[in-house]
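Side chains are part of it too, since the values below use all heavy atoms of this structure and drop only hydrogens, waters and symmetry mates.
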Amino acid sequence: MSSTRPDLLDPATIAALGRIEIVARWIVDGFLTGLHRSPRKGFSVEFAEHRPYLPGDELRYVDWKIAARADKWVVKQYEEETNLRATIVLDVSRSMAWRGDESRLTKLAYAERLAAAIALLFLRQRDAVGLVRFDDAVRSAVPPRVRSGQWQRIVAALDDAGAGRASFAPAALEQAGRLIVRRGMIVLISDLLMDPPDVISRVRALRHAGHHVAVLHVMDPAERDLPARGDALFVDPESDIEVPAASADVRAAYRQTVDRALGEWRDALSGVGAAYELVTTDAPFGVPLRRAFAVRQRLP
């Protein structure tokens, strides 16, 4: 395992090197480099047909003989190539703009780059991918497609603005389900600062409809552990409720409360058949990317 692989670098370091699309390409390239061989990388040994080259395709699958003879770029496809329809549901509420340390990415900046990387990874497997962004309402939606330019549409949508403070995932999850006619996969990326019953109910409905659901729970490390000492004013970014406290007095109880909440999310989502992964914004992008990829690999 190489320490220079971009998917294993500090997220803030890799994000400082370029725009979202550039960073996401580096992350995915590094991630794919580190993968073991898999029968579902999108290409197997039985050749089936050619298709036009799309941005993001790996150059090693380009048929260079045809490119030289006909000045036409095509990609070799193989029998075991599978297709899935997937939608990434991204929380862009106000709380996602928070970070506990200036040296880290905000939760939203981290989640946007992760969403771009997951979308590119799926597209390289010939999966149709879309995006739904939400705060207290659905702010933008890109229907799942696999055609040329889809990833650029998703990256452009990531720059759209949000407008609300709070987050309300059920409507976004419902729309994501409507965008997938056949059974597919829905990836929710959120800090989950919302009421669990509403979310669990909607995830259960998606599972009953035959969709696979993976939840990537994004947290800043400072949300899990308070400083050992000092006074602080704790502010809910979505409700503006303020609570002054001395860290030393509430640190242990706070950690217990957070751990209990995380356990409740994990148990509730597992109970309805959804995959759950806690991701902190200091974790390399390869960690959540591997989780999303593992879920994808288990699907037919």
So [Y] and [X], do their side chains get closer than 4.5 Å, heavy atoms only?
X: Phe134; Y: Leu173; value: no
X: Leu188; Y: Arg202; value: no
X: Trp98; Y: Thr106; value: no
X: His212; Y: Arg207; value: yes
X: Met194; Y: Asp91; value: yes

Exercise. Decide yes or no on salt bridge (charged side-chain N to carboxylate O under 4.0 Å, His left out) for Asp225 and Arg255, but give the supporting numbers first.
Key: CA-CA 6 Å; Asp225 289 297; Arg255 180 58 189 256; 2.5 Å; yes
Quiz prompt | Arg178, CZ atom: more than 12 neighbouring heavy atoms under 6.0 Å | solution =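 Count over threshold, so yes.
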Self-check item: Same cluster (ILVMFWY, side-chain, under 4.5 Å), Ile22 and Leu17
Solution: yes
Quiz item: Hey, any chance Ile66 and Trp73 share a hydrophobic cluster, counting ILVMFWY side chains that come within less than 4.5 Å of each other, even indirectly?
Solution: no
Quiz item: Do the side-chain N and O atoms of Arg147 and Gln150 include a donor-acceptor pair separated by under 3.5 angstrom?
Solution: no
Quiz item: Between Arg19 and Val23, is there a donor-acceptor pair closer than 3.5 Å when you use the side chain of the first and the backbone of the second?
Solution: no
Quiz item: Within the side chain of Asp195, is there an N or O that forms a donor-acceptor pair under 3.5 Å with the backbone of Asp198?
Solution: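 Absent.
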With sequence neighbours excluded, tell me which residues meet ring pair (Phe, Tyr, Trp, His ring centres under 6.0 Å) with [X].
X: Phe168; value: none
X: Tyr276; value: His217
X: Tyr110; value: Phe285

Quiz item: Does any pair with a residue in residues 104-120 pass salt bridge (Lys or Arg N to Asp or Glu O under 4.0 Å), and if so which ones, sequence neighbours excluded?
Solution: Arg104-Asp220, Lys107-Asp191, Lys107-Glu223
Quiz item: Any salt bridge (Lys or Arg N to Asp or Glu O under 4.0 Å) pairs touching residues 263-277, not counting sequence neighbours?
Solution: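 Every salt bridge (Lys or Arg N to Asp or Glu O under 4.0 Å) pair that includes a residue of residues 263-277, provided the two are not neighbours, is Glu277-Arg291.
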Quiz item: What pairs with Val287 under side chain to side chain contact (heavy atoms under 4.5 Å, CB included), at least two apart in sequence or on another chain?
Solution: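 Val287: side chain to side chain contact (heavy atoms under 4.5 Å, CB included) contacts with Pro284.
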